[in-house]
Amino acid sequence: MVVVLASLLGRFSFVKLTNLLKCVNIRYMGRILLVDFMYLWNRLYYAYSVGKDPSGYYKHIFKMFEALNSNDRFDRKYIILDGVNGCSRQKELLENYKAGRAPKKEVYERINELIEDCRDFKNLKFMSADNYEADEIIASWARYFRKEEVYIYSGDKDLIQLTLYKNVHVGDTYKRTTPLDVIPFTDEELDLKVAKISNNALPNHRDILKFRVFRGDASDKIPAAVPRLKSSDIVKFINRWDIRTPLTKDILEELINTEEDIKLREKLEEHKGDILRNYELMNLIHLPFKNILEATKCL
C-alpha cells in the first residue's frame, strides 16, 4: 500500500490527486473496466427515449449499472463522462467539431439525475475532467494502468487505437448473464472492422489512428485531411509512419519529402496543416495523460 501510494504521489501532485484518490481503490490491481458513459448514453438513452414516459428515459442505463455494480469479474469499474467543457480544446482546432450536438448543460441536467439515482452502487465510480472528453480520460487510464488488464466498453472507433497496448481490450457488447459480462472484440473482429472502413486496404486494426487522421470522421464533423485521397494511397503513405512516434510537423515533412509519388507528395504538401490538425483531434496515444488524470475528479 505504502509503495503504491509513494509511486502515485511521485507522479502527480498531492493536492490535485486528493479528490481522485477518494474514489480510486489503490489497494490492489487487477482487471479494470472503463465504461464510455457518453457512448452508452447515446446508444441507450436516445434509442429508448422516443415516445416514452420521460420518467423512464434512462431506465435501461440504470439497469445496466445495477448489473455492473454486482459484477465480480472486474476488480474496479469506472464510468467515464465528458467534462462540461469537454471539447473546448477540439473546438479551438476545428470550429465545427461535433456541431449540432445537444448543449452539454442540457445533457448534464439529465445525466446528473441518473448519477444521483446510482449513488447506492458503491462498486461504480463516476468520473470526468473539465475541458476533456471521455475518450481522453479513458485513454489516460489505459496508459496509466499498463500492467493491468484493461477492458473498455465503447463503440467509439477512436478507442480502438488503444489496443496498441496489448493489455487493452475494447468491445461494445455485453451479455445479461449473472453477473453482466462485457464482451471484448477479438483481434480478428477488430481487423475486420478496420478493414471495412478502409475498403479492405488497412489489414491491422492497431493502425486505425493513422488511417482515420487522413479519412476524418463525419460523425464528429472532422473533414478528410486530404480530399479524394484513395484508401490505397493513404495506406501506402502511413506504412512509413511508426504509430509509436508522435506525428510532429518535422516528422510529417520528412515523410512527405521522401514520398516517391510526385502527385501524392504534392497533395500531402498542400494539406499538411489539415493532417496535423486531424492528428491533434483524433490522437489518443500520445496525450499528456498525467495532466488529464490530475484534472480528473469523482462525481
Side-chain angles (χ1 to χ4, degrees), residues 86-101 131-136 138-140 142-143 154 156-165 170 190-191 193-289 291-292:
C87 57
S88 57
R89 177 183 68 85
Q90 289 85 348
K91 283 189 174 295
E92 288 180 3
L93 293 166
L94 183 65
E95 184 178 357
N96 289 331
Y97 180 77
K98 291 189 175 180
R101 303 283 180 93
N131 302 316
Y132 292 104
E133 294 190 297
D135 58 0
E136 295 175 292
I138 290 171
S140 297
R143 175 78 178 274
S154 180
D156 186 341
K157 293 184 178 65
D158 283 329
L159 288 169
I160 294 176
Q161 63 189 272
L162 298 178
T163 58
L164 178 68
Y165 311 132
V170 178
L190 289 173
D191 284 343
K193 284 179 174 292
V194 172
K196 185 177 181 180
I197 67 173
S198 66
N199 296 322
N200 295 315
L202 189 66
N204 189 340
H205 67 273
R206 292 185 173 88
D207 286 335
I208 187 171
L209 169 63
K210 298 194 290 185
F211 185 84
R212 281 170 63 78
V213 163
F214 284 84
R215 183 61 80 215
D217 185 343
S219 64
D220 287 343
K221 302 296 191 295
I222 302 175
V226 185
R228 298 180 296 281
L229 192 62
K230 295 187 297 184
S231 295
S232 56
D233 283 337
I234 293 175
V235 173
K236 172 188 171 184
F237 181 74
I238 64 177
N239 279 340
R240 297 188 289 118
W241 166 21
D242 183 351
I243 191 61
R244 291 174 175 80
T245 302
L247 186 64
T248 64
K249 180 180 179 180
D250 289 343
I251 288 176
L252 178 59
E253 288 181 348
E254 181 180 351
L255 290 170
I256 292 174
N257 291 335
T258 54
E259 172 58 51
E260 295 180 354
D261 186 320
I262 297 176
K263 290 186 178 180
L264 178 57
R265 186 168 69 236
E266 290 176 347
K267 282 185 180 180
L268 295 169
E269 177 67 30
E270 180 183 356
H271 294 282
K272 61 184 179 183
D274 296 326
I275 296 170
L276 291 171
R277 177 205 62 203
N278 281 11
Y279 172 75
E280 289 296 321
L281 288 169
M282 308 177 87
N283 162 50
L284 296 176
I285 299 295
H286 304 292
L287 292 172
F289 75 101
N291 295 340
I292 295 172

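Since this is a predicted model, take the numbers as computed values, not measurements.
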Keeping [X] on the side-chain end and [Y] on the backbone end, is there a donor-acceptor pair under 3.5 Å?
{"X": "R244", "Y": "L164", "result": "no"}
{"X": "E269", "Y": "I256", "result": "no"}
{"X": "H205", "Y": "A195", "result": "no"}
{"X": "N199", "Y": "A201", "result": "no"}
{"X": "D220", "Y": "Y97", "result": "no"}

- Message: Rounded to the nearest 0.5 Å, what separates atom OG1 in T248 from atom CD in E253?
- Response: 8.5 Å

Kindly give the heavy-atom pair with the smallest separation between [X] and [Y], and that separation in Å.
{"X": "I251", "Y": "P246", "result": "CD1-O, 3.3 Å"}
{"X": "L264", "Y": "D261", "result": "N-OD1, 3.1 Å"}
{"X": "I285", "Y": "R143", "result": "O-NH1, 3.6 Å"}
{"X": "R206", "Y": "T163", "result": "NE-O, 2.8 Å"}
{"X": "R212", "Y": "D158", "result": "NE-OD1, 3.0 Å"}
{"X": "V226", "Y": "L268", "result": "CG2-CD2, 4.2 Å"}

- Message: Testing K267, R265, R240 one by one against E259 for a side-chain hydrogen bond (donor to acceptor under 3.5 Å, both in side chains), which residue passes?
- Response: R240

- Task: Could you label the plane-to-plane angle of the W241 and Y279 rings as parallel, tilted or perpendicular, counting under 30° as parallel and over 60° as perpendicular?
- Result: perpendicular

